[in-house]
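Only one structure is covered here, and it is reproduced in the block below.
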Amino acid sequence: MENGWRMELREIVNERVRVTRAEKENAAFEDFLDRVAVPALEEVAGEFASIPSREAKVRRAPASATLQVMADNVDEISFRILKHYAADGILPCAEVRVNRGAHTAKYETLLRGDQHTIADVTGDDVIAKFIHYYRLVKNSGTGAGAPAGT
């Protein structure tokens, strides 16, 4: 029975190490949101302030940040940055909802497509990914004011 309690003790210690790693990863993600993602989204929202008939808002939640863009009081795009759990840690990803006229298309994507860590993702990466998906809104021809299906 002696081996049983030693094994159990090691499991308890190792479990605490895993919790500590998860806590560190979550703290790193929160830091990423505050230092990188939210400032980048606010920069984009600031550009929309000078565009007639567009309104953009950034919201920071405990585990995500969202840029919501509306045109003439109709949602054009919702770009939300959240966690993606990978084998070697947490990576930031985007959940994107794009107005396609009669329906909303939903996409999920990593902010960078290559091998990287959360520390590698920059504000420019966040903005580039938003621009990529906002182009879908404009190219679809079904944004605010356009008839569905065109």
Side-chain angles (χ1 to χ4, degrees), residues 11-150:
E11 287 175 7
I12 291 168
V13 170
N14 288 336
E15 184 175 313
R16 182 64 196 145
V17 169
R18 282 192 296 266
V19 171
T20 301
R21 178 181 173 210
E23 289 169 349
K24 286 179 184 177
E25 289 173 346
N26 285 326
F29 183 77
E30 293 294 325
D31 182 59
F32 166 79
L33 288 177
D34 292 335
R35 283 185 319 93
V36 178
V38 170
L41 296 178
E42 287 175 341
E43 189 174 348
V44 174
E47 285 298 311
F48 277 106
S50 64
I51 300 173
S53 76
R54 294 294 186 285
E55 181 183 348
K57 294 185 225 172
V58 176
R59 290 187 313 269
R60 170 70 161 88
S64 68
T66 304
L67 172 59
Q68 184 77 35
V69 179
M70 297 180 73
D72 298 322
N73 295 319
V74 175
D75 284 341
E76 274 193 315
I77 187 171
S78 173
F79 186 85
R80 183 167 72 146
I81 298 174
L82 33 92
K83 298 174 193 173
H84 172 77
Y85 294 96
D88 54 349
I90 293 174
L91 298 175
C93 72
E95 177 187 86
V96 186
R97 294 179 190 272
V98 175
N99 183 345
R100 295 280 190 164
H103 70 282
T104 300
K106 180 181 171 186
Y107 304 91
E108 291 184 17
T109 182
L110 292 174
L111 293 177
R112 286 185 52 170
D114 55 352
Q115 292 284 13
H116 63 280
T117 68
I118 195 169
D120 298 327
V121 180
T122 67
D124 288 340
D125 294 325
V126 173
I127 292 170
K129 194 60 74 166
F130 172 82
I131 294 298
H132 171 81
Y133 283 96
Y134 191 65
R135 187 174 307 281
L136 292 178
V137 171
K138 303 318 294 171
N139 287 343
S140 71
T142 59
T150 60

To the nearest 0.5 Å, how far apart are [atom1] in [X] and [atom2] in [Y]?
| X | Y | atom1 | atom2 | value |
| --- | --- | --- | --- | --- |
| Arg60 | Leu41 | CZ | CG | 11.0 Å |
| Leu82 | Leu33 | CG | CG | 9.0 Å |
| Ile81 | Ser64 | CD1 | OG | 9.0 Å |

Qualifying residues under side chain to side chain contact (heavy atoms under 4.5 Å, CB included), relative to [X], sequence neighbours excluded:
| X | result |
| --- | --- |
| Ala45 | Ala56, Val58, Leu67 |
| Glu108 | Glu95, Lys106 |
| Thr109 | Ala94, Lys129, Tyr133 |
| Glu55 | Lys57 |

Identify the heavy atoms of [X] and [Y] that sit nearest to each other, and give their distance.
| X | Y | value |
| --- | --- | --- |
| Ala86 | Leu91 | CB-CD1, 4.1 Å |
| Glu25 | Gly89 | OE2-CA, 3.3 Å |
| Arg112 | Asp125 | CD-OD2, 3.0 Å |
| Asp75 | Met70 | OD1-CG, 3.3 Å |

_Is it true that, when you exclude Glu30 itself, more than 12 heavy atoms of the residues, nucleotides or ligands shown sit nearer than 6.0 Å to its CD?_
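It does: Glu30 CD has more than 12 such atoms within range.
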
_Listed once per pair and sorted, the ring-ring contact (aromatic ring centres under 6.0 Å, His included) pairs that draw on residues 25-51, sequence neighbours left out_ = Phe48-Tyr134

*Got a salt bridge between Glu76 and Arg54, using NZ or NE/NH1/NH2 to carboxylate O under 4.0 Å?*
yes

*Residues that Arg35 engages under side chain to side chain donor-acceptor pair (under 3.5 Å), provided they are two or more places apart*: Asp31

*asked:* As a quick check of understanding, evaluate side chain to side chain contact (heavy atoms under 4.5 Å, CB included) for Phe79 and Val69, giving each step before the final call.
replied: CA-CA 9 Å; Phe79 186 85; Val69 179; over 6 Å; no

_Within-4.5 Å side-chain heavy-atom neighbours: Ile77 and Val96_ = yes

*Kindly indicate whether the side chain of Asn26, heavy atoms from C-beta on, has any atom under 4.5 Å from the side chain of Lys83.*
yes

